[in-house]
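First the structure, in the form of C-alpha coordinates, and then the observations on it.
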Amino acid sequence: MSQALLDIQELSKYFGGLKALDQVGFNVMGGEILGLIGPNGAGKTVCFNLISGVYRPTAGKIYFNGQRMDGTSPHQVAHKGVGRTFQIVKPFGTLSVVENVLVAKGITKYNRFSRIWSTWKSKAEINEALEMLERVGLKDLADRQAGLLPLGNLRRLEIARALLVGHKLLLLDESFSGLRHEEIVQLEELIRSIRETGITVLLIEHNMRVAMGLCDRLVVLDHGSKIAEGRPQEIQQNEKVIEAYLGRKEASDAA
Amino acid sequence: MSAYLITIATLIAIYAIVVCGLNVIVGFAGQISLGHAAFFGIGAYSAALLATKGGLSFWTALPCVIAVSAFIGLLLGLPSLRVKADFLAITTIGINFIVEALFLYVPFFGGALGIGGIPRVMFFGIKLKGLAFFYLCLFFLVVVILICWWFRRSWAGLACFALREEESAAASMGISPVRFKLLAFVIGTGMAGLGGALYAHYIRFIAATDFAFPVSILFLSMVVLGGMGTLWGPVLGALILGALPEIFRPLVDYRFLFYMVLLLIMIRFQPGGLLGERSAVRRVLASIIPGAHQ
(Lines give C-alpha, C1' and ligand atoms only; values in the text may rest on other atoms or scores of the structure.)
Protein backbone atom coordinates (compact mmCIF):
# COMPACT_ATOMS: atom_id res chain seq x y z
CA MET A 1 0.00 0.00 0.00
CA SER A 2 3.02 2.24 0.04
CA GLN A 3 2.88 3.63 -3.48
CA ALA A 4 -0.86 4.37 -3.67
CA LEU A 5 -1.35 7.31 -6.02
CA LEU A 6 -4.80 8.05 -4.65
CA ASP A 7 -5.70 7.13 -1.11
CA ILE A 8 -9.32 7.58 -0.12
CA GLN A 9 -10.12 7.22 3.57
CA GLU A 10 -13.61 6.92 5.05
CA LEU A 11 -15.02 9.39 2.58
CA SER A 12 -18.59 10.54 3.21
CA LYS A 13 -20.89 12.97 1.44
CA TYR A 14 -24.36 13.71 2.76
CA PHE A 15 -26.93 15.81 0.96
CA GLY A 16 -29.20 16.72 3.86
CA GLY A 17 -30.42 13.35 5.15
CA LEU A 18 -29.30 11.46 2.06
CA LYS A 19 -26.07 9.58 2.50
CA ALA A 20 -24.79 9.70 -1.08
CA LEU A 21 -21.46 8.27 0.03
CA ASP A 22 -20.89 6.74 3.46
CA GLN A 23 -17.40 5.99 4.80
CA VAL A 24 -15.97 4.68 1.57
CA GLY A 25 -12.25 3.95 1.43
CA PHE A 26 -10.01 2.49 -1.27
CA ASN A 27 -6.63 2.97 -2.90
CA VAL A 28 -5.68 3.54 -6.50
CA MET A 29 -2.18 2.25 -7.21
CA GLY A 30 0.14 4.04 -9.60
CA GLY A 31 -0.16 2.63 -13.11
CA GLU A 32 -3.29 0.54 -12.67
CA ILE A 33 -6.73 0.73 -14.23
CA LEU A 34 -9.26 0.69 -11.40
CA GLY A 35 -12.95 0.35 -12.14
CA LEU A 36 -15.63 1.89 -9.94
CA ILE A 37 -18.86 0.01 -10.52
CA GLY A 38 -22.26 -0.29 -8.93
CA PRO A 39 -25.97 0.09 -9.69
CA ASN A 40 -27.55 3.47 -10.47
CA GLY A 41 -27.42 5.84 -7.54
CA ALA A 42 -24.62 3.92 -5.82
CA GLY A 43 -22.52 7.07 -5.41
CA LYS A 44 -19.95 6.58 -8.16
CA THR A 45 -20.22 10.02 -9.72
CA VAL A 46 -20.42 11.61 -6.26
CA CYS A 47 -17.12 9.91 -5.52
CA PHE A 48 -15.64 11.39 -8.73
CA ASN A 49 -16.93 14.84 -7.86
CA LEU A 50 -15.32 14.60 -4.43
CA ILE A 51 -11.97 13.59 -5.92
CA SER A 52 -12.06 16.30 -8.58
CA GLY A 53 -13.06 18.96 -6.06
CA VAL A 54 -16.58 19.72 -7.31
CA TYR A 55 -17.94 18.74 -3.88
CA ARG A 56 -16.39 19.13 -0.45
CA PRO A 57 -16.64 15.90 1.57
CA THR A 58 -18.82 15.79 4.69
CA ALA A 59 -16.14 13.66 6.32
CA GLY A 60 -13.09 11.67 5.33
CA LYS A 61 -9.80 12.34 3.63
CA ILE A 62 -8.36 12.12 0.13
CA TYR A 63 -4.62 11.84 -0.34
CA PHE A 64 -3.05 12.30 -3.76
CA ASN A 65 0.63 11.46 -4.02
CA GLY A 66 0.74 11.56 -0.24
CA GLN A 67 -0.74 15.06 -0.03
CA ARG A 68 -4.16 15.98 1.36
CA MET A 69 -6.43 16.86 -1.57
CA ASP A 70 -10.01 16.95 -0.22
CA GLY A 71 -11.59 20.39 -0.28
CA THR A 72 -9.26 21.57 -3.05
CA SER A 73 -11.15 23.49 -5.75
CA PRO A 74 -11.58 21.84 -9.18
CA HIS A 75 -9.06 24.02 -11.04
CA GLN A 76 -6.39 23.34 -8.42
CA VAL A 77 -7.04 19.59 -8.63
CA ALA A 78 -6.48 19.91 -12.39
CA HIS A 79 -3.14 21.62 -11.76
CA LYS A 80 -2.04 18.63 -9.67
CA GLY A 81 -2.29 16.45 -12.78
CA VAL A 82 -5.78 14.99 -12.44
CA GLY A 83 -7.90 15.06 -15.61
CA ARG A 84 -11.54 14.07 -15.81
CA THR A 85 -14.38 13.51 -18.22
CA PHE A 86 -18.06 14.03 -17.53
CA GLN A 87 -20.87 11.51 -17.63
CA ILE A 88 -22.98 14.08 -19.45
CA VAL A 89 -20.48 15.40 -22.01
CA LYS A 90 -19.54 19.06 -21.62
CA PRO A 91 -17.94 20.31 -24.82
CA PHE A 92 -17.22 24.01 -25.31
CA GLY A 93 -20.03 24.05 -27.84
CA THR A 94 -19.34 27.06 -30.04
CA LEU A 95 -15.58 26.48 -30.15
CA SER A 96 -14.02 24.20 -32.74
CA VAL A 97 -12.76 20.73 -31.84
CA VAL A 98 -9.12 21.81 -31.96
CA GLU A 99 -9.90 24.89 -29.83
CA ASN A 100 -11.50 22.59 -27.25
CA VAL A 101 -8.22 20.70 -27.01
CA LEU A 102 -6.25 23.96 -26.86
CA VAL A 103 -8.24 25.05 -23.80
CA ALA A 104 -6.88 21.98 -22.02
CA LYS A 105 -3.38 22.63 -23.36
CA GLY A 106 -3.49 26.00 -21.63
CA ILE A 107 -3.23 24.34 -18.22
CA THR A 108 0.46 25.25 -18.14
CA LYS A 109 -0.48 28.94 -18.53
CA TYR A 110 -3.59 29.61 -16.45
CA ASN A 111 -1.80 29.80 -13.10
CA ARG A 112 0.81 32.37 -14.17
CA PHE A 113 -0.40 35.89 -14.76
CA SER A 114 2.49 36.66 -17.10
CA ARG A 115 1.81 33.64 -19.31
CA ILE A 116 -1.89 34.13 -20.00
CA TRP A 117 -1.15 37.06 -22.31
CA SER A 118 0.75 35.06 -24.91
CA THR A 119 -1.24 33.74 -27.85
CA TRP A 120 -2.63 30.25 -28.41
CA LYS A 121 -2.86 30.80 -32.15
CA SER A 122 0.69 29.65 -32.78
CA LYS A 123 1.69 26.87 -35.19
CA ALA A 124 3.46 24.91 -32.45
CA GLU A 125 0.49 24.90 -30.08
CA ILE A 126 -2.01 24.03 -32.80
CA ASN A 127 0.17 21.22 -34.15
CA GLU A 128 0.49 19.69 -30.69
CA ALA A 129 -3.27 19.89 -30.28
CA LEU A 130 -3.71 18.20 -33.66
CA GLU A 131 -1.36 15.41 -32.56
CA MET A 132 -3.56 14.78 -29.56
CA LEU A 133 -6.63 14.73 -31.82
CA GLU A 134 -4.91 12.22 -34.06
CA ARG A 135 -4.30 10.02 -31.05
CA VAL A 136 -8.01 9.86 -30.23
CA GLY A 137 -8.98 9.69 -33.91
CA LEU A 138 -10.59 13.11 -34.30
CA LYS A 139 -8.00 14.85 -36.47
CA ASP A 140 -10.27 15.02 -39.52
CA LEU A 141 -12.88 16.88 -37.50
CA ALA A 142 -10.47 19.45 -36.01
CA ASP A 143 -12.19 22.49 -37.53
CA ARG A 144 -15.77 21.38 -36.84
CA GLN A 145 -17.84 23.11 -34.23
CA ALA A 146 -17.66 20.88 -31.16
CA GLY A 147 -21.31 21.26 -30.17
CA LEU A 148 -22.43 19.63 -33.41
CA LEU A 149 -20.47 16.37 -33.03
CA PRO A 150 -22.20 13.04 -32.30
CA LEU A 151 -21.85 11.56 -28.82
CA GLY A 152 -19.11 9.06 -29.66
CA ASN A 153 -16.83 11.79 -30.95
CA LEU A 154 -17.61 14.03 -27.99
CA ARG A 155 -16.57 11.28 -25.58
CA ARG A 156 -13.26 11.00 -27.41
CA LEU A 157 -12.88 14.78 -27.39
CA GLU A 158 -13.40 14.75 -23.61
CA ILE A 159 -10.71 12.12 -23.23
CA ALA A 160 -8.32 14.16 -25.38
CA ARG A 161 -8.90 17.20 -23.16
CA ALA A 162 -8.61 15.18 -19.95
CA LEU A 163 -5.37 13.56 -21.15
CA LEU A 164 -3.67 16.94 -21.53
CA VAL A 165 -4.63 17.82 -17.96
CA GLY A 166 -4.26 14.45 -16.24
CA HIS A 167 -0.66 13.47 -16.73
CA LYS A 168 -0.84 11.52 -13.47
CA LEU A 169 -4.44 10.40 -12.98
CA LEU A 170 -7.34 10.17 -15.40
CA LEU A 171 -10.93 9.97 -14.15
CA LEU A 172 -13.28 8.61 -16.83
CA ASP A 173 -16.98 8.87 -16.00
CA GLU A 174 -18.88 6.35 -18.13
CA SER A 175 -16.90 7.08 -21.24
CA PHE A 176 -18.30 3.95 -22.91
CA SER A 177 -22.00 4.65 -22.50
CA GLY A 178 -23.91 5.28 -25.69
CA LEU A 179 -21.12 3.98 -27.91
CA ARG A 180 -21.40 1.37 -30.69
CA HIS A 181 -19.51 -1.90 -30.41
CA GLU A 182 -16.59 -0.93 -32.67
CA GLU A 183 -16.26 2.41 -30.86
CA ILE A 184 -16.06 0.53 -27.56
CA VAL A 185 -13.25 -1.65 -28.91
CA GLN A 186 -11.32 1.42 -30.13
CA LEU A 187 -11.76 3.17 -26.80
CA GLU A 188 -10.55 0.12 -24.87
CA GLU A 189 -7.43 0.14 -27.03
CA LEU A 190 -6.95 3.84 -26.32
CA ILE A 191 -7.30 3.43 -22.55
CA ARG A 192 -4.81 0.56 -22.56
CA SER A 193 -2.36 2.69 -24.55
CA ILE A 194 -2.85 5.54 -22.06
CA ARG A 195 -1.94 3.20 -19.22
CA GLU A 196 1.17 2.16 -21.17
CA THR A 197 2.39 5.76 -20.94
CA GLY A 198 2.31 5.52 -17.15
CA ILE A 199 -0.97 7.31 -16.47
CA THR A 200 -3.20 5.82 -13.80
CA VAL A 201 -6.85 5.42 -14.77
CA LEU A 202 -9.88 5.41 -12.50
CA LEU A 203 -13.07 4.76 -14.42
CA ILE A 204 -16.78 4.45 -13.76
CA GLU A 205 -18.42 1.85 -15.95
CA HIS A 206 -21.88 0.40 -16.38
CA ASN A 207 -21.02 -2.09 -19.11
CA MET A 208 -19.89 -5.12 -17.09
CA ARG A 209 -18.11 -6.82 -19.97
CA VAL A 210 -16.00 -3.69 -20.55
CA ALA A 211 -15.27 -3.22 -16.84
CA MET A 212 -14.27 -6.85 -16.37
CA GLY A 213 -12.09 -6.90 -19.47
CA LEU A 214 -10.33 -3.60 -19.00
CA CYS A 215 -9.77 -3.13 -15.27
CA ASP A 216 -7.02 -4.61 -13.12
CA ARG A 217 -9.16 -4.24 -10.04
CA LEU A 218 -12.74 -3.24 -9.28
CA VAL A 219 -14.37 -1.40 -6.40
CA VAL A 220 -18.11 -1.99 -6.08
CA LEU A 221 -20.40 0.61 -4.50
CA ASP A 222 -24.04 0.18 -3.56
CA HIS A 223 -26.25 2.74 -1.82
CA GLY A 224 -23.22 4.85 -0.95
CA SER A 225 -21.18 2.08 0.66
CA LYS A 226 -18.35 -0.08 -0.60
CA ILE A 227 -19.56 -3.68 -0.78
CA ALA A 228 -16.61 -5.33 -2.53
CA GLU A 229 -13.11 -4.77 -3.87
CA GLY A 230 -10.86 -7.09 -5.84
CA ARG A 231 -9.87 -8.63 -9.15
CA PRO A 232 -12.61 -8.96 -11.80
CA GLN A 233 -12.83 -12.76 -11.33
CA GLU A 234 -13.32 -12.36 -7.57
CA ILE A 235 -15.97 -9.69 -8.07
CA GLN A 236 -17.89 -11.87 -10.52
CA GLN A 237 -18.37 -14.51 -7.84
CA ASN A 238 -18.96 -12.14 -4.93
CA GLU A 239 -22.42 -12.81 -3.49
CA LYS A 240 -22.97 -9.26 -2.25
CA VAL A 241 -22.27 -7.92 -5.72
CA ILE A 242 -24.62 -10.38 -7.39
CA GLU A 243 -27.24 -9.46 -4.82
CA ALA A 244 -26.80 -5.74 -5.43
CA TYR A 245 -27.19 -6.14 -9.17
CA LEU A 246 -29.75 -8.94 -9.41
CA GLY A 247 -31.54 -8.90 -6.06
CA ARG A 248 -31.62 -11.53 -3.27
CA LYS A 249 -32.00 -15.17 -4.10
CA GLU A 250 -35.01 -15.66 -1.79
CA ALA A 251 -36.74 -12.70 -3.34
CA SER A 252 -36.35 -14.08 -6.85
CA ASP A 253 -37.55 -17.51 -5.63
CA ALA A 254 -40.64 -15.98 -4.10
CA ALA A 255 -41.37 -14.21 -7.37
CA MET B 1 -17.69 67.56 -42.01
CA SER B 2 -20.36 69.67 -40.40
CA ALA B 3 -20.26 70.21 -36.64
CA TYR B 4 -23.44 68.15 -36.33
CA LEU B 5 -21.91 65.14 -38.04
CA ILE B 6 -18.75 65.44 -35.97
CA THR B 7 -20.82 65.44 -32.77
CA ILE B 8 -22.65 62.26 -33.79
CA ALA B 9 -19.42 60.59 -34.92
CA THR B 10 -17.66 61.49 -31.65
CA LEU B 11 -20.48 60.09 -29.53
CA ILE B 12 -20.56 56.91 -31.62
CA ALA B 13 -16.80 56.47 -31.13
CA ILE B 14 -17.20 56.92 -27.36
CA TYR B 15 -20.11 54.46 -27.28
CA ALA B 16 -18.06 51.99 -29.32
CA ILE B 17 -15.27 52.11 -26.71
CA VAL B 18 -17.73 51.47 -23.87
CA VAL B 19 -19.54 48.73 -25.79
CA CYS B 20 -16.26 46.97 -26.64
CA GLY B 21 -15.73 46.80 -22.88
CA LEU B 22 -19.20 45.34 -22.36
CA ASN B 23 -18.43 42.80 -25.06
CA VAL B 24 -15.43 41.56 -23.06
CA ILE B 25 -17.74 40.85 -20.10
CA VAL B 26 -20.82 39.59 -21.95
CA GLY B 27 -19.45 38.30 -25.23
CA PHE B 28 -16.09 36.86 -24.21
CA ALA B 29 -16.68 35.74 -20.61
CA GLY B 30 -20.44 35.16 -20.91
CA GLN B 31 -21.33 37.18 -17.80
CA ILE B 32 -24.52 39.06 -18.56
CA SER B 33 -24.37 42.69 -17.40
CA LEU B 34 -27.27 45.12 -17.49
CA GLY B 35 -25.42 47.72 -15.45
CA HIS B 36 -22.62 48.77 -17.75
CA ALA B 37 -23.76 52.41 -17.78
CA ALA B 38 -22.83 52.56 -14.08
CA PHE B 39 -19.16 52.09 -14.98
CA PHE B 40 -19.45 54.53 -17.86
CA GLY B 41 -20.78 56.93 -15.20
CA ILE B 42 -18.07 56.10 -12.66
CA GLY B 43 -15.48 56.93 -15.34
CA ALA B 44 -17.23 60.17 -16.27
CA TYR B 45 -17.73 61.30 -12.66
CA SER B 46 -14.20 60.50 -11.56
CA ALA B 47 -12.79 62.31 -14.62
CA ALA B 48 -15.06 65.29 -13.94
CA LEU B 49 -14.17 65.45 -10.25
CA LEU B 50 -10.44 65.09 -10.86
CA ALA B 51 -10.60 67.86 -13.47
CA THR B 52 -12.84 70.34 -11.63
CA LYS B 53 -12.05 69.71 -7.96
CA GLY B 54 -8.65 68.07 -8.32
CA GLY B 55 -7.37 70.40 -11.01
CA LEU B 56 -5.70 67.54 -12.84
CA SER B 57 -5.32 67.52 -16.61
CA PHE B 58 -7.16 64.91 -18.68
CA TRP B 59 -3.92 63.04 -19.32
CA THR B 60 -2.75 62.77 -15.70
CA ALA B 61 -6.26 61.93 -14.53
CA LEU B 62 -6.88 59.26 -17.17
CA PRO B 63 -4.84 56.43 -15.57
CA CYS B 64 -6.56 57.14 -12.24
CA VAL B 65 -9.98 57.19 -13.90
CA ILE B 66 -9.41 53.84 -15.58
CA ALA B 67 -7.96 52.38 -12.37
CA VAL B 68 -10.93 53.59 -10.30
CA SER B 69 -13.47 52.20 -12.79
CA ALA B 70 -11.65 48.88 -13.07
CA PHE B 71 -11.27 48.58 -9.29
CA ILE B 72 -14.97 49.24 -8.69
CA GLY B 73 -15.65 46.83 -11.55
CA LEU B 74 -13.60 44.24 -9.67
CA LEU B 75 -15.63 44.79 -6.49
CA LEU B 76 -18.96 44.72 -8.28
CA GLY B 77 -17.82 41.75 -10.35
CA LEU B 78 -17.73 39.69 -7.16
CA PRO B 79 -21.50 38.96 -7.27
CA SER B 80 -20.98 37.30 -10.64
CA LEU B 81 -19.02 34.60 -8.85
CA ARG B 82 -22.08 33.65 -6.84
CA VAL B 83 -25.04 34.34 -9.11
CA LYS B 84 -25.49 33.28 -12.70
CA ALA B 85 -27.48 34.16 -15.83
CA ASP B 86 -30.85 35.79 -15.01
CA PHE B 87 -29.89 36.44 -11.41
CA LEU B 88 -26.69 38.15 -12.46
CA ALA B 89 -28.71 40.32 -14.88
CA ILE B 90 -30.99 41.42 -12.03
CA THR B 91 -28.01 42.06 -9.72
CA THR B 92 -26.27 44.23 -12.31
CA ILE B 93 -29.49 46.22 -12.85
CA GLY B 94 -29.48 46.81 -9.10
CA ILE B 95 -25.87 48.01 -9.24
CA ASN B 96 -26.82 50.48 -11.98
CA PHE B 97 -29.65 51.95 -9.88
CA ILE B 98 -27.48 52.20 -6.76
CA VAL B 99 -24.67 53.99 -8.60
CA GLU B 100 -27.13 56.37 -10.28
CA ALA B 101 -28.75 57.11 -6.91
CA LEU B 102 -25.35 57.85 -5.34
CA PHE B 103 -24.57 60.34 -8.12
CA LEU B 104 -27.99 61.93 -7.69
CA TYR B 105 -28.25 62.18 -3.90
CA VAL B 106 -24.71 62.57 -2.58
CA PRO B 107 -23.83 66.29 -2.58
CA PHE B 108 -20.16 65.51 -3.30
CA PHE B 109 -21.22 64.30 -6.78
CA GLY B 110 -23.13 67.49 -7.48
CA GLY B 111 -26.59 66.06 -6.75
CA ALA B 112 -29.33 66.78 -9.25
CA LEU B 113 -27.31 69.62 -10.74
CA GLY B 114 -24.57 67.25 -11.87
CA ILE B 115 -21.08 68.53 -12.56
CA GLY B 116 -20.49 71.35 -15.01
CA GLY B 117 -17.53 73.36 -16.18
CA ILE B 118 -15.41 70.37 -17.12
CA PRO B 119 -12.44 71.71 -19.10
CA ARG B 120 -11.61 70.62 -22.64
CA VAL B 121 -8.77 68.19 -23.25
CA MET B 122 -5.43 69.94 -23.88
CA PHE B 123 -2.88 68.41 -26.19
CA PHE B 124 0.53 70.17 -26.27
CA GLY B 125 -1.15 73.47 -25.43
CA ILE B 126 -3.93 73.06 -27.99
CA LYS B 127 -7.57 72.74 -26.90
CA LEU B 128 -9.01 69.64 -28.56
CA LYS B 129 -12.49 70.28 -29.91
CA GLY B 130 -14.55 69.33 -32.92
CA LEU B 131 -12.68 67.18 -35.38
CA ALA B 132 -9.52 67.06 -33.24
CA PHE B 133 -11.43 65.57 -30.30
CA PHE B 134 -13.10 63.09 -32.65
CA TYR B 135 -9.64 61.90 -33.73
CA LEU B 136 -8.67 61.53 -30.08
CA CYS B 137 -11.71 59.30 -29.49
CA LEU B 138 -10.92 57.37 -32.66
CA PHE B 139 -7.37 56.84 -31.43
CA PHE B 140 -8.62 55.39 -28.13
CA LEU B 141 -11.14 53.26 -30.02
CA VAL B 142 -8.31 51.78 -32.08
CA VAL B 143 -6.37 51.04 -28.88
CA VAL B 144 -9.43 49.35 -27.35
CA ILE B 145 -10.03 47.26 -30.48
CA LEU B 146 -6.37 46.21 -30.50
CA ILE B 147 -6.66 45.11 -26.87
CA CYS B 148 -9.80 43.10 -27.70
CA TRP B 149 -8.09 41.62 -30.76
CA TRP B 150 -5.17 40.47 -28.68
CA PHE B 151 -7.38 39.27 -25.82
CA ARG B 152 -9.22 36.93 -28.23
CA ARG B 153 -5.89 35.43 -29.26
CA SER B 154 -4.51 35.10 -25.73
CA TRP B 155 -4.78 32.18 -23.31
CA ALA B 156 -6.71 34.51 -21.02
CA GLY B 157 -9.28 35.01 -23.78
CA LEU B 158 -9.48 31.28 -24.49
CA ALA B 159 -10.00 30.63 -20.78
CA CYS B 160 -12.88 33.14 -20.79
CA PHE B 161 -14.46 31.50 -23.86
CA ALA B 162 -14.25 28.13 -22.10
CA LEU B 163 -15.90 29.57 -18.97
CA ARG B 164 -18.65 31.07 -21.11
CA GLU B 165 -19.38 27.70 -22.71
CA GLU B 166 -19.09 25.26 -19.78
CA GLU B 167 -17.89 26.52 -16.44
CA SER B 168 -17.41 23.15 -14.73
CA ALA B 169 -15.54 21.68 -17.69
CA ALA B 170 -13.33 24.78 -17.83
CA ALA B 171 -12.55 24.43 -14.12
CA SER B 172 -11.59 20.80 -14.66
CA MET B 173 -8.97 22.11 -17.10
CA GLY B 174 -7.27 24.32 -14.54
CA ILE B 175 -9.16 27.54 -15.30
CA SER B 176 -10.04 29.41 -12.12
CA PRO B 177 -13.57 30.78 -12.68
CA VAL B 178 -12.98 33.48 -10.07
CA ARG B 179 -9.76 34.77 -11.59
CA PHE B 180 -10.84 34.90 -15.22
CA LYS B 181 -14.34 36.27 -14.64
CA LEU B 182 -12.90 39.08 -12.54
CA LEU B 183 -10.25 39.69 -15.20
CA ALA B 184 -13.00 40.15 -17.79
CA PHE B 185 -14.86 42.51 -15.45
CA VAL B 186 -11.72 44.56 -14.82
CA ILE B 187 -10.90 44.93 -18.54
CA GLY B 188 -14.52 45.62 -19.49
CA THR B 189 -15.18 48.20 -16.78
CA GLY B 190 -11.79 49.82 -17.38
CA MET B 191 -12.84 50.43 -20.99
CA ALA B 192 -16.17 51.82 -19.78
CA GLY B 193 -14.21 54.18 -17.52
CA LEU B 194 -12.11 55.36 -20.47
CA GLY B 195 -15.27 56.03 -22.47
CA GLY B 196 -16.74 57.87 -19.48
CA ALA B 197 -13.70 60.15 -19.19
CA LEU B 198 -13.90 61.04 -22.88
CA TYR B 199 -17.63 61.66 -22.56
CA ALA B 200 -17.20 63.98 -19.56
CA HIS B 201 -14.55 66.07 -21.31
CA TYR B 202 -16.61 66.21 -24.50
CA ILE B 203 -20.09 67.05 -23.15
CA ARG B 204 -18.46 69.06 -20.31
CA PHE B 205 -21.57 68.81 -18.19
CA ILE B 206 -22.67 65.50 -16.72
CA ALA B 207 -25.66 64.46 -14.64
CA ALA B 208 -26.78 61.17 -13.08
CA THR B 209 -29.45 60.50 -15.71
CA ASP B 210 -26.77 60.22 -18.42
CA PHE B 211 -25.80 56.91 -16.83
CA ALA B 212 -29.21 55.50 -15.98
CA PHE B 213 -30.48 51.98 -16.61
CA PRO B 214 -31.88 52.70 -20.13
CA VAL B 215 -28.32 53.57 -21.20
CA SER B 216 -27.23 50.10 -20.06
CA ILE B 217 -29.99 48.62 -22.22
CA LEU B 218 -28.74 50.67 -25.14
CA PHE B 219 -25.19 49.33 -24.64
CA LEU B 220 -26.37 45.74 -24.40
CA SER B 221 -28.53 46.23 -27.51
CA MET B 222 -25.44 47.43 -29.37
CA VAL B 223 -23.50 44.30 -28.38
CA VAL B 224 -26.35 41.94 -29.28
CA LEU B 225 -27.05 43.67 -32.59
CA GLY B 226 -23.43 43.71 -33.69
CA GLY B 227 -22.60 40.23 -32.49
CA MET B 228 -21.65 39.08 -28.99
CA GLY B 229 -18.09 37.83 -28.72
CA THR B 230 -17.04 39.11 -32.14
CA LEU B 231 -14.30 41.70 -32.62
CA TRP B 232 -16.13 44.22 -34.81
CA GLY B 233 -19.68 43.55 -33.66
CA PRO B 234 -19.71 46.14 -30.84
CA VAL B 235 -18.36 48.84 -33.19
CA LEU B 236 -20.99 48.03 -35.81
CA GLY B 237 -23.71 47.93 -33.15
CA ALA B 238 -22.64 51.32 -31.77
CA LEU B 239 -22.54 52.74 -35.30
CA ILE B 240 -26.03 51.55 -36.22
CA LEU B 241 -27.80 52.29 -32.94
CA GLY B 242 -25.89 55.55 -32.57
CA ALA B 243 -26.77 56.77 -36.05
CA LEU B 244 -30.33 55.49 -36.45
CA PRO B 245 -32.00 57.89 -33.96
CA GLU B 246 -30.37 60.75 -35.85
CA ILE B 247 -31.57 59.50 -39.22
CA PHE B 248 -35.08 58.94 -37.90
CA ARG B 249 -35.23 62.13 -35.85
CA PRO B 250 -39.05 62.34 -35.81
CA LEU B 251 -39.24 58.93 -34.18
CA VAL B 252 -36.88 59.78 -31.33
CA ASP B 253 -39.62 59.35 -28.71
CA TYR B 254 -40.11 55.77 -29.81
CA ARG B 255 -36.40 54.97 -29.64
CA PHE B 256 -36.63 52.36 -26.92
CA LEU B 257 -39.63 50.69 -28.50
CA PHE B 258 -37.51 50.44 -31.62
CA TYR B 259 -34.52 48.99 -29.70
CA MET B 260 -36.69 46.35 -28.08
CA VAL B 261 -38.31 45.32 -31.37
CA LEU B 262 -34.86 45.20 -32.96
CA LEU B 263 -33.54 43.03 -30.12
CA LEU B 264 -36.46 40.61 -30.46
CA ILE B 265 -35.95 40.38 -34.22
CA MET B 266 -32.23 39.78 -33.76
CA ILE B 267 -32.72 37.08 -31.14
CA ARG B 268 -35.31 35.35 -33.34
CA PHE B 269 -33.50 35.49 -36.67
CA GLN B 270 -29.81 36.24 -36.02
CA PRO B 271 -29.05 35.21 -32.44
CA GLY B 272 -25.31 35.54 -33.06
CA GLY B 273 -25.67 39.19 -34.08
CA LEU B 274 -24.94 40.81 -37.43
CA LEU B 275 -21.30 39.69 -37.36
CA GLY B 276 -21.86 36.43 -35.50
CA GLU B 277 -20.78 33.11 -36.95
CA ARG B 278 -23.06 31.90 -39.75
CA SER B 279 -24.90 35.24 -39.83
CA ALA B 280 -26.28 36.55 -43.08
CA VAL B 281 -23.72 39.38 -43.21
CA ARG B 282 -20.85 36.96 -42.72
CA ARG B 283 -22.14 34.61 -45.42
CA VAL B 284 -22.33 37.51 -47.88
CA LEU B 285 -18.83 38.65 -46.89
CA ALA B 286 -17.48 35.12 -47.27
CA SER B 287 -18.97 34.81 -50.76
CA ILE B 288 -17.38 38.10 -51.85
CA ILE B 289 -13.98 37.66 -50.18
CA PRO B 290 -12.81 34.05 -49.89
CA GLY B 291 -11.30 33.37 -46.48
CA ALA B 292 -13.15 36.28 -44.86
CA HIS B 293 -14.75 33.94 -42.33
CA GLN B 294 -11.63 34.27 -40.22
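The figures here come from the full heavy-atom set of this structure, side chains too, leaving out hydrogens, waters and symmetry mates. Convention: sequence-line order gives letters A, B, ...; per-chain numbering from 1.
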Where on A/E158 is there a heavy atom nearer than 4.5 Å to chain B: the side chain, the backbone, both, or neither?
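Looking at A/E158, nothing touches chain B.
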Check each atom of A/S52 against the heavy atoms of chain B and say whether the ones under 4.5 Å are side chain, backbone, both or neither.
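Neither part.
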Is it the case that the side chain of [X] and the backbone of [Y] share a donor-acceptor pair, with hydrogens and angles ignored and the cut-off at 3.5 Å?
X	Y	result
A/H79	B/G174	yes
A/W120	B/W155	no
A/T119	B/R153	yes
B/R179	A/Y110	yes

Flag the one option from [options] with the top tally of heavy-atom pairs under 4.5 Å to chain B.
options	value
A/V103, A/V165, A/L95	A/V103
A/T85, A/I116, A/V82, A/I107	A/I116
A/V77, A/T108, A/L102, A/L164	A/L102
A/K80, A/Q76, A/Q145	A/Q145

When you look at A/H75 and B/V178, which way does the side chain to side chain contact (heavy atoms under 4.5 Å, CB included) test go after all the steps?
CA-CA 10 Å; A/H75 70 274; B/V178 174; over 6 Å; no
Parallel, tilted or perpendicular: ring planes of A/W117 versus B/F151, cut at 30 and 60 degrees
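The arrangement is tilted - the two ring planes meet at 30° to 60°.
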Is atom [atom1] of [X] surrounded by more than 12 heavy atoms (other residues, nucleotides or ligands) closer than 6.0 Å?
X	atom1	value
B/F87	CZ	no
A/R112	CZ	no
A/K61	NZ	no
A/R192	CZ	yes
A/L18	CG	yes
A/N127	CG	yes

What is the minimum heavy-atom distance between [X] and [Y], and which atoms define it?
X	Y	result
B/E165	A/G93	OE1-N, 3.2 Å
B/S172	A/A78	O-CB, 3.3 Å
A/P91	B/E166	O-CG, 3.5 Å

Which value, rounded to the nearest 0.5 Å, describes the distance between A/K109 atom NZ and B/I175 atom CD1?
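CD1 of B/I175 is found 12.0 Å from NZ of A/K109.
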